[in-house]
Colleague: 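Submitted below is the structure of interest, expressed as structure tokens.
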Amino acid sequence: MSLPPIECIYVTEEIIRESKNGNSNFSFSSPVPMLRFLYELSSAMVRGELPFQKCKAVLDAVEFTERVSEDEFASCFADIVTQMAQDFTMAGECRINLIKLAKWLVESSLVPLRLFQERSEEEFLSEAEMIKIKAPDLKVKEVRVNTRLLYQQTKFNLLREESEGYAKLVTLLCRGSEDSTQNSSTARIGIIKSLIGHFDLDPNRVFDIVLECYELQPDNNAFLQLIPIFPKSHASQILGFKFQFYQRMEVNTPTPFGLYKLTALLVKEEFIDLDSIYAHLLPKDDEAFEHYNGFSAKRLDEANKIGKINLAAIGKDLMEDEKQGDVRIDLFAALDMENEAVAERSPELENSQTLGLLTGFLLVDDWYHAHILFDRLSPLNPVAHVRICKGLFRLIEKSISSAYDIVRQTHLQSFVSPLGIDNVDTRGTTVSNSFIDLPKELFQMLATVGPHLYRDTLLLQKVCRVLRSYYLSALELVTNADGASNGEMVTTGHRNPRLHLKEARPRVEETLGACLLPSLQLVPANPAVGQEIWEVMNLLPYEVRYRLYGEWEKDDERNPTILAARQTAKLDTRRILKRLAKENLKQLGRMVAKLAHANPMTVLRTIVHQIEAYKDMITPVVDAFKYLTQLEYDILEYVVIERLAQGGRDKLKDDGLNLSDWLQSLASFWGHLCKKYPSMELRGLFQYLVNQLKKGQGIELVLLQELIQQMANVQFTENLTEEQLDAMAGSETLRYQATSFGVTRNNKALIKSTNRLRDSLLPKDEPKLAIPLLLLIAQHRSLVVINADATYIKMVSEQFDRCHGTLLQYVEFLCSAVTPAAAYAQLIPSLDDLVHMYHLDPEVAFLIYRPVMRLFKCQGSHDVFWPLDANGTADITVACSESESKDDSSRVILDLGPPRKPTMWSELLDTVKTMLPSKAWNSLSPDLYATFWGLTLYDLYVPRNVYESEIAKQHAALKALEELPDNSSSAINKRKKDKERIQEALDRLTSELHKHEENVASVRRRLTREKDRWLSSCPDTLKINMEFLQRCIFPRCTFSMPDAVYCAMFVHTLHSLGTPFFNTVNHIDVLICKTLQPMICCCTEYEAGRLGRFLYETLKIAYYWKSDESIYERECGNMPGFAVYYRYPNSQRVTYGQFIKVHWKWSQRITRLVIQCLESTEYMEIRNALIMLTKISSVFPVTRKSGINLEKRVAKIKNDEREDLKVLATGVAAALAARKSSWVTDEEFGMGYLELKPVPPITSKSVAGNTVAAQNGSSVNVSQNEAAGGRTVALGTQQSDVNLVKDQVSRTKPDGRLERAENAPLGKSDLKTKGGTSANGSDAALSVTLAASQAGIAKSHENQKQPDDSSNKLDKHAARTPAKNSAESELKASSKRSVPVGSLTKTQKQDPGKDDGKSGKAVGRTSAISVNDRDVPSHTEGRQGGTTNVSSAITSNGKTVSASPEGSLE
């Protein structure tokens, strides 16, 4: 029988063959595992396939995968042979080979004989002749030896039998402690061994005595040299027996702390293992944990009950602590509970040997093993025990001592250096010693001690100072490394500075979150501690701080002491807030601050909750916050952001329109707080707003509104008074005086708060959020409509208005706060980027970019900026050559310096061309478009009345100061300062008035020079007015109230300049007849008001022109804007009679479309129509019939179930009733130029049923009521109308302002325009109208529908008339006329129905010319609401500008 073959992987047949042949060059292709290879090699030799002599050659040729020593190799080989010898079924031949292999291995020195003797059986050793005795004899000898070693007992001398040897031992150990220097450790060890041998002492008993002596002398390190002579395994057993002794029930003595310290020393010196001794300790962990969990749950229940109301209590019990004036706070309630808990747990420390061992580790400064026990016993909260806590404090103090010495020395040097010590030397010493490195064990200790660091506030402050210096040192190393010259890497302690900082930052963050902040909650009102913690927190970014605040309370909810402190602070805070008032603000404010010092998160969150519910608390709470520290202000901002981001609450009320009360209160509170306290940091809030806008949520922008309003006094007010609206056209000082709302301009607090708000948006370091926030608000304005998910369009309108108001307010703040203007321009992206990269609407892009446009200037002039005239002379020829204009535009440049490239005006115009579709430029020019969007109301109008009014107020204030009777020194000094301030304001107003007048004159000169090329090159002149309204007027007039006035003033300026191809009559006609009604329907609430304001301004000018024929002839009669054929500016002009007729048409059209909107079922149409009527009520309606019809519709709406419509209708009804006495009849309105036929009375049935849909959507029955009946009045009616207007103008109030006349047909009106897309109208229609007027054709009406129907039909026919036919009829009509312009008589009258249908298509745009005060003596300069004083709207400056027959300006 042969050895069963095995699968040979490495010792293959090829290897055996090569080995037998004696080939010395063969080798293995790759390393092989040693054990497998040796096993296969041994099997081959045992089977006789490979001779023993070839084994060594094979071993020399092989390379093993493992690197092993010769001893390991021999051991493995011996194991394999021994294992094979265990096979007793092996064939005899194979066993002989195995014995020979073993002998050969010994003889060749590959395996020592000792290994075989240790591991092989006796029979195999005997067969291999490796032992000298026989196998049976060897077995007998082995049994005897084992019996002697294991079972035979040695008799030692015990202490109770003979004490002499032990007495000498104790004497030796004690003497050694007294005079350890005279006896070396070797001598003592020799003596102890001699005593053991001479007196036959028990070594274990000797070891026990040594340990007891060491326990009594723990500071004698000589024992550490004696202990190693004893077996280590015996030490843990001896100590375990000692611990078990004190665990007996009959032993009442607690385990001495000396034993704990001894055990800790032995473990620290690694003489015994922690786990070996831990197994002998009681109680077991599971039992201790279960007991503590029950104790902790009981304390948590007690803490949660704090502040809860017992419903079973009677009223007296509930109110006994709520007596008025008896307000107390308990800062030590939580500490008292903690002390009671510690006292209750004190027996646990005595009875728990595991906690005692932990105390021993702390006593011997063994943090490594102490940390292990802290982790193992963490469910027991061992730090709560005072003794353990003090031991940990001692370790922390020891760890930071060297670092604190450096901090203290540096701090002292900063005070000493100014007293004479050389600054250079001091600075050098500071730098050399300033590097502070703290061991990682310190941070482990701080994390372990947690909130219990409150027990040593001095140590807490030391830790804060050391941590701050540690982090600053790491930052300084990185800074120095970045600034190192020659690219040298600065290293400290063989570490990279950046790696050191990366390691230091998380350590500091962990310490703050786990130890310092929780400890603050248990320190009773110590602001110094809070300030020290803030000094560390302030080094971290606000994102890290807020994360720490968020984790603060969550991690501490399981601590009963901290929970009790929170509950107590919350209860005390609510009790104080109930009584907080202005009278007791100082006392209760300090109490609030004391509570906040100890528990800032809880107290501030409670206060914010109360403010959200009670808005009246904002003022006293803000005043009480003056006692807070910077840390508490920072936590307060986090609380506000947390409340904003908290889900589960609606930020809008149930109506979907108004903001929730809690959000409004929170925004108001935050605005007042940031205004009053300069230390508030706002970057976190701004980043939150940016993030919300990125998500498409802009409701929280109300906080930005409040911040800007409170801190910068920049308010968005839609309903401006007449005086404020006029002041918006003035200089900065005038605007500020009119809209400051009582805030002094030189208020230092306001200036500081404004600068703080600006610096928060534009900090020195990144990120700067001012421009991203601006762009996101501008984009969100469009997203409100695009991504609208509101149930009703009213909600979308409200959200749009709110976002738009924020945008206007924010842009105004940036323009005023970022000074100079070049700094603002450096921040703002280019116009091309605003439109194409950020996809802003043109009107929004120009709002942002308009201040930058005013920095363009001529290359040859350094102080003349656009849009001022670079020539600087008033005598300018109106007609400038095209080449000169092009040269001017090419010379205008914007140069902001690096990194911005200079921008030419022509490049700006190229950008403008890309903002509109290419077809739009067929009827507009980029120059006109850029001029319109670049100018402001300041460039067109001087509100001299408001300037003079403010100057008069300042003079009155000076006079009032002089009349004060108080002559004390303080009063005199105060009066002197007030006089200086008032005089400074007077000087500014006077100089700015003069500068404003020069600015308007210069702008007008530039416009006069450029006007001829605005529309002259437009190929499609028929659509000029429609494109101008669509691209310019409507987007801007609905943008803001000042912009609405600006649009009317700009149109008037185009008229007064005599701009070629701009027809004023056609402009008004397209506005009212084509675009007003659609615009009413698609405007938001605020946009409807602005549109009404624009219509008010437009109608006011039109009524002024209608008031007197001389005024009309002077201002309109010879202007291109009143040309009959507006494609030919020098053609025949519209006569005064024709203008009255088209004016009548406008009045009727406005009446019809307003009535149609009021009778609509759409909420938005009704509301916008009412808003527009509110704005134009002082100039419309004029006729009694229109007013009565409007009153009827408004009266119906007053009974509507929708409350907001009822309120609006009530206001409109009151305005209509107030002006009812000034309404005129149709005949008086026509002034003899209208031919009105009497009409039979209309039954109610016909009024209700005769409604016919027309092109303009008007109601037929209304037109019948307004157009029917009447008689032709005498020419004297015209003069009476003029007298009425002049009488109105002459009335003034005592304060110098014009009185609002009830019967004036002039005033400002609210513009609602139809967004139609048809052409302006055909000249053919107008020529037909004029021909009919000259021939005196008057057609009679067959019924009441005829005027309206004919009007609608003519409107439709005119709209369908091709441009070619219009041009032909225009040429024919012009060739037949030989009469001069204005020669048409006003006695020739036309059918009002036809005039209503044709004049809207034929009559073009309005234009006006400036009128001097001397020309109209009854006019005063200024714009006052509801009056006929419109000369300021007509004049551009104080100079006389008249119209010559040739159309030139003088």
Side-chain angles (χ1 to χ4, degrees), residues 719 721-722 1072 1076-1077 1080 1085 1088-1089 1091-1100 1102-1103 1106 1143-1144 1146-1160 1165-1200 1202-1229 1242 1247 1258-1259 1261-1268 1281 1284-1285 1288 1291 1299-1312 1424-1428:
N719 298 319
T721 64
E722 294 295 328
I1072 296 175
L1076 186 56
Q1077 186 174 2
I1080 293 177
E1085 179 180 356
L1091 188 62
R1093 193 71 190 183
F1094 169 66
L1095 184 60
Y1096 170 81
E1097 298 288 343
T1098 304
L1099 290 178
K1100 186 179 71 171
Y1103 279 126
K1106 172 186 173 293
H1143 211 300
W1144 167 261
W1146 295 338
S1147 177
Q1148 303 305 304
R1149 190 62 58 90
I1150 294 176
T1151 302
R1152 288 198 296 271
L1153 66 89
V1154 170
I1155 291 177
Q1156 182 177 354
C1157 290
L1158 293 178
E1159 292 180 343
S1160 172
E1165 291 189 35
I1166 301 174
R1167 186 185 68 169
N1168 290 351
L1170 290 173
I1171 294 173
M1172 192 186 74
L1173 276 177
T1174 304
K1175 298 297 181 181
I1176 65 175
S1177 60
S1178 58
V1179 295
F1180 181 86
V1182 180
T1183 62
R1184 187 172 293 108
K1185 289 184 179 180
S1186 299
I1188 293 173
N1189 284 328
L1190 290 175
E1191 273 190 325
K1192 291 179 181 178
R1193 273 68 179 186
V1194 173
K1196 285 184 179 180
I1197 301 175
K1198 287 173 65 177
N1199 299 323
D1200 195 284
R1202 291 165 287 194
E1203 290 296 330
D1204 52 346
L1205 293 183
K1206 289 172 63 176
V1207 173
L1208 284 173
T1210 303
V1212 173
L1216 292 175
R1219 278 191 45 83
K1220 183 177 289 188
S1221 59
S1222 64
W1223 292 344
V1224 298
T1225 62
D1226 296 348
E1227 292 81 0
E1228 291 172 340
F1229 182 88
I1242 306 172
V1247 172
S1258 60
S1259 300
N1261 61 330
V1262 178
S1263 63
Q1264 289 170 351
N1265 287 335
E1266 292 175 353
D1281 194 6
L1284 177 67
V1285 172
Q1288 217 174 11
R1291 297 186 206 167
E1299 182 182 359
R1300 182 186 297 273
E1302 298 298 334
N1303 59 350
L1306 300 178
K1308 297 184 179 180
S1309 98
D1310 202 5
L1311 170 62
K1312 276 302 184 184
Q1424 301 296 335
T1427 70
T1428 57

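When reading the values below, keep in mind they use all heavy atoms of this one structure, side chains included, and skip hydrogens, waters and symmetry mates. Position 1 is the first residue of the sequence; numbering continues from there.
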Colleague: In Å, rounded to the nearest 0.5 Å, how long is the span from CD of E1159 to CD1 of I1197?
Modeller: 9.0 Å
Colleague: Once rounded to the nearest 0.5 Å, what's the spacing between atom CG of L1099 and atom CD1 of I1072?
Modeller: 5.5 Å
Colleague: Taking all non-hydrogen atoms of both residues, which atom of C1157 and which atom of I1080 are closest, and how far apart?
Modeller: SG-CG2, 4.0 Å
Colleague: Could you grab the distance from atom CG of D1226 to atom OG of S1186, nearest 0.5 Å is fine?
Modeller: 7.0 Å
Colleague: Considering non-hydrogen atoms only, spot the tightest contact between A1209 and K1198 and give its length.
Modeller: CB-CG, 3.7 Å
Colleague: To the nearest 0.5 Å, tell me how far I1150 CD1 sits from F1180 CZ.
Modeller: 5.5 Å
Colleague: Please lay out, stage by stage, how E1227 and R1184 fare under the test salt bridge (Lys or Arg N to Asp or Glu O under 4.0 Å).
Modeller: CA-CA 11 Å; E1227 292 81 0; R1184 187 172 293 108; over 6 Å; no
Colleague: Which heavy atom of R1193 sits nearest a heavy atom of I1155, and at what distance?
Modeller: NE-CG2, 3.3 Å
Colleague: Before you tell me yes or no, could you show the steps for V1182 and Y1103 under side-chain contact (heavy atoms from CB on, under 4.5 Å), namely the whole-Å CA-CA distance, both residues' side-chain angles and the distance that decides it to 0.1 Å?
Modeller: CA-CA 10 Å; V1182 180; Y1103 279 126; 3.0 Å; yes
Colleague: What's the spacing between T1151 OG1 and W1146 CH2 if we round to 0.5 Å?
Modeller: 14.5 Å
Colleague: For the atom pair CZ (R1093) and CG (L1095), what is the distance rounded to the nearest 0.5 Å?
Modeller: 11.5 Å
Colleague: Can you give me the closest heavy-atom contact between W1144 and T1183, atom names plus distance?
Modeller: CZ3-CG2, 4.0 Å
Colleague: Does a side-chain N-to-carboxylate-O contact under 4.0 Å join E1085 and K1175?
Modeller: no
Colleague: Looking at K1206, I'd like to know if its NZ atom is crowded, meaning that more than 12 non-hydrogen atoms belonging to other residues, nucleotides or ligands lie closer than 6.0 Å.
Modeller: yes
Colleague: Looking only at non-hydrogen atoms, find the nearest pair between S1147 and F1229 and report the distance.
Modeller: CB-CZ, 4.4 Å
Colleague: Go through the steps for L1190 and V1212 under the test side-chain contact (heavy atoms from CB on, under 4.5 Å), then give the verdict.
Modeller: CA-CA 10 Å; L1190 290 175; V1212 173; over 6 Å; no
Colleague: Could I get the full list of side chain to side chain contact (heavy atoms under 4.5 Å, CB included) partners for L1208, not counting sequence neighbours?
Modeller: R1167, L1170, I1171
Colleague: Testing T1210, N1189, L1158 for side chain to side chain contact (heavy atoms under 4.5 Å, CB included) with V1194, which one passes?
Modeller: L1158
